[in-house]
2 protein chains.
Amino acid sequence: MAQAAGVSQSTVSLVLGGKWPGRVSPATAAAVHDAAERLGYRPNPAARNLRMGTTRTVMLMVPTLIAPFFGSVHAGAARVAARHGFGLVVYPWPDDAGPADSPFAASREAIDGILASSMPREVLAGFPGTPVVMLDSDPAGAETTVNFAVADGMRAIAAHLGALGHRRIGHVAAEPDQWTFQVRGAALAAGVAALPGGALTRAVTSIDIAAAKDAAGRLLDAHERPTALVCDDDMLAAGAYKAARARGLDVPGDLSVTGMDDVLLATALEPELTTVRLPAEELGAQGMAALLELLGGGRPPSRSLPGRLVVRGSTAAAV
Amino acid sequence: MAQAAGVSQSTVSLVLGGKWPGRVSPATAAAVHDAAERLGYRPNPAARNLRMGTTRTVMLMVPTLIAPFFGSVHAGAARVAARHGFGLVVYPWPDDAGPADSPFAASREAIDGILASSMPREVLAGFPGTPVVMLDSDPAGAETTVNFAVADGMRAIAAHLGALGHRRIGHVAAEPDQWTFQVRGAALAAGVAALPGGALTRAVTSIDIAAAKDAAGRLLDAHERPTALVCDDDMLAAGAYKAARARGLDVPGDLSVTGMDDVLLATALEPELTTVRLPAEELGAQGMAALLELLGGGRPPSRSLPGRLVVRGSTAAAV
DNA sequence: CATGGCCAGTCATACGTATTACTTGTCGCG
DNA sequence: CGCGACAAGTAATACGTATGACTGGCCATG
């Protein structure tokens, strides 16, 4: 390449690196660019970063990409990473793998940092010393976190239902192994307790439509049937709809239902779901920004992003 | 590191590389591993690949990761890539970006190959000389492709509806800018033509629930209302459900509806959707396998993966 | 005319690993 | 004892780029 342009390798580097404007004459620079074009030459990025000992690649760890929520997180993170010239490898954590036999064990050294969304802290054990920003996770840890203000969201739902006259409220709860679901549960309990005469019942389920249908069914079959079901996330609400229909209950005529997250599913359901919109893409973007700041030697603070109650057709006045 | 273990750098490389079993005495190997453990030392993967001029990273290009379908494709591709020690960067193509100003332009040289799913061929123009495998794309091109047998799927749907007595069939069609939708449309037309007395009407829509509702509504408001709506994908079927409900039509009592893909949404709808299951994860896995074979100097053949009709509650005998 | 400063490039080296070729020591065997 | 085979480790080099130090030419200034 150097001889093709009739200059030294150093000059090629100066031109193509672009960091030293004015360091090289326009004519020579043009010759280099021309030769590069002709040969289809591209600088080897690995060699480029060799000196600084960095890969300019970060890893996103998510439980799965099949849930659209994490697709949105990725989109936000990828946008910010790309703008800073960082590559982003995604890491869907397989259910059955421990830190040791994870499929990405081979490339675990090939990254500068980790953005972990909704992951248990243990999975980071395999990556000692790697800078980490955690999303949607317990902020009590040492790592910088970016979270949603889910407690506010749950309180807003409780207040919304309270204003509609609901008092007996059922909670279709996800298993509290994730921090966010612990918070959601506690906030809902507090919100319902704040209603005069408010009473909360709860059924726990895995995040699966059929399982949620069963759990919601248990609540609906109780002696004093709740007039509203608050679901920990939108997918669980789909199960609640099914349980209601199976019992001939109309949503929202006989039963109000709410979700949380506002993924695509929320508007696919009929009636469309009242839920709290969590800005997933913003979560990814702010998390990535924090991680890059961390990599740059900064000390980014933990943050919390507000959600917004979106009232659609699944809630109505209590009967 | 070398001196910490009391050996030469070469020996460290021999031990940690692991490619030369028996080349080094067990005692020395243990000493090296021990020192590495103590120092938290990890070989720099960039330097590792420097010699072979490869990055051991491939790029997945998808229109978006927010659609669960592409999440599944990614999962399959990531699994295979990881097993071969390849990193995988994901590339959601932004609607508004041309090849030039794409957010990943900066890292475009940092990859060995491209796996492009459901992407227009033009986006590859910015990556001359890079090995490519295309998924869900026109197999007429020069690249190796891995596709679904969507034509078979559509014919299976037509036959299923035909067996239920349906003759007037409406097609809620996605815009035919993607190859797969052209094939789906043609195959459905052929399948309906094969039914005695079969008649097909068509309304085109963007892939959006509200737009699909409008398109389905147009078909349902026609003089001779179709008794079944065939939708080009599951999300469009959600719109068809809405159009039916808005007109007081029961699914499947008054109207049968089918989708294609079998994403999560299909079982979240009520009634659950009759659709064709396309093995998205398998698509990603086979595509990645083909790409890795290509990178290894092979010439992988193009393939087509069969779908499978999944009959659920949204289809019934014609009235 | 001598000097110093700047411009445009080049030289040399460093980055961290893989690999080839070499060295050293040991052992077995004739 | 002499030789070759072999085991275990090291030296040297290559990979491709970034960058600080250096060089030669040119011009302006005194």
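Below, chains carry the letters A, B, ... as their sequence lines are ordered, and counting in each starts from 1. Only heavy atoms go into these numbers, but all of them, side chains included; no hydrogens, no water, no symmetry mates.
Between A:Met61 and the options A:Val89, A:Leu115, A:Leu124, A:Val132, a side chain to side chain contact (heavy atoms under 4.5 Å, CB included) holds for only A:Leu124.
Side-chain atoms of A:Ser10 and A:Ser13 include no donor-acceptor pair closer than 3.5 Å. A side-chain donor from one of B:Thr145 and B:Ser302 sits under 3.5 Å from a side-chain acceptor of the other. Using modelled atom types, one finds a donor on one side chain and an acceptor on the other under 3.5 Å when comparing B:Asp136 with B:Ser118. Looking only at atom types and distance, the side chain of A:Asn147 has no donor-acceptor partner in the side chain of A:Ser304 under 3.5 Å away.
Between the CG atom of B:Asp261 and the CZ atom of B:Phe69 there is a distance of 5.5 Å, given to the nearest 0.5 Å. Summarising the geometry, atom CD belonging to A:Glu122 is positioned 9.5 Å from atom CE belonging to A:Met119; distances are rounded to the nearest 0.5 Å. Between B:Arg79 atom CZ and B:Glu281 atom CD the span is 5.0 Å, to the nearest 0.5 Å.
Atom CG of A:Asn49 is separated from atom P of D:dT19 by 10 Å (rounded to the nearest Å). As a whole-Å value, the separation of B:Gln3 CD from D:dT10 P is 12 Å.
Under the 3.5 Å distance criterion, the side-chain polar atoms of A:Asp233 are matched with a main-chain donor or acceptor of A:Met235. Under a 3.5 Å cut-off, the side chain of B:His74 and the backbone N or O of B:Phe70 do not form any donor-acceptor pair.
Residues from residues 10-19 of chain A lying near DNA chain C, meaning a heavy-atom separation below 4.0 Å, are A:Ser10, A:Thr11, A:Leu14 in numerical order. Near DNA chain C, meaning a heavy atom under 4.0 Å away, the residues from residues 21-36 of chain A are A:Gly22, A:Arg23, A:Val24, A:Ser25, A:Thr28.
Screening residues 17-41 of chain A for salt bridge (Lys or Arg N to Asp or Glu O under 4.0 Å) gives A:Asp34-A:Arg38 as the qualifying pairs, with residues at least two apart or on separate chains.
A rotation axis mapping the C1' atoms of four pairs onto the next four is fitted at both ends of the helix from C:dC1-D:dG30 to C:dG30-D:dC1 over five pairs, and the angle between these axes is 60° to 10 degrees.
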Would you list the atom pairs, donor with acceptor, under 3.5 Å between side chains in residues 283-292 of chain A and any protein atom, with sequence neighbours excluded?
from, atom 1, to, atom 2, distance (Å)
A:Gln286, OE1, A:Arg303, NH1, 3.0
A:Gln286, NE2, A:Glu282, OE2, 3.0

Do any N or O atoms of the protein come closer than 3.5 Å to N or O atoms of nucleotides 13-16 of chain D, and which pairs are they?
from, atom 1, to, atom 2, distance (Å)
D:dA14, N3, B:Arg51, NH1, 3.4

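By the 4.0 Å N-to-carboxylate-O rule, A:Arg299 lies too far from A:Glu293 to be salt-bridged with it.
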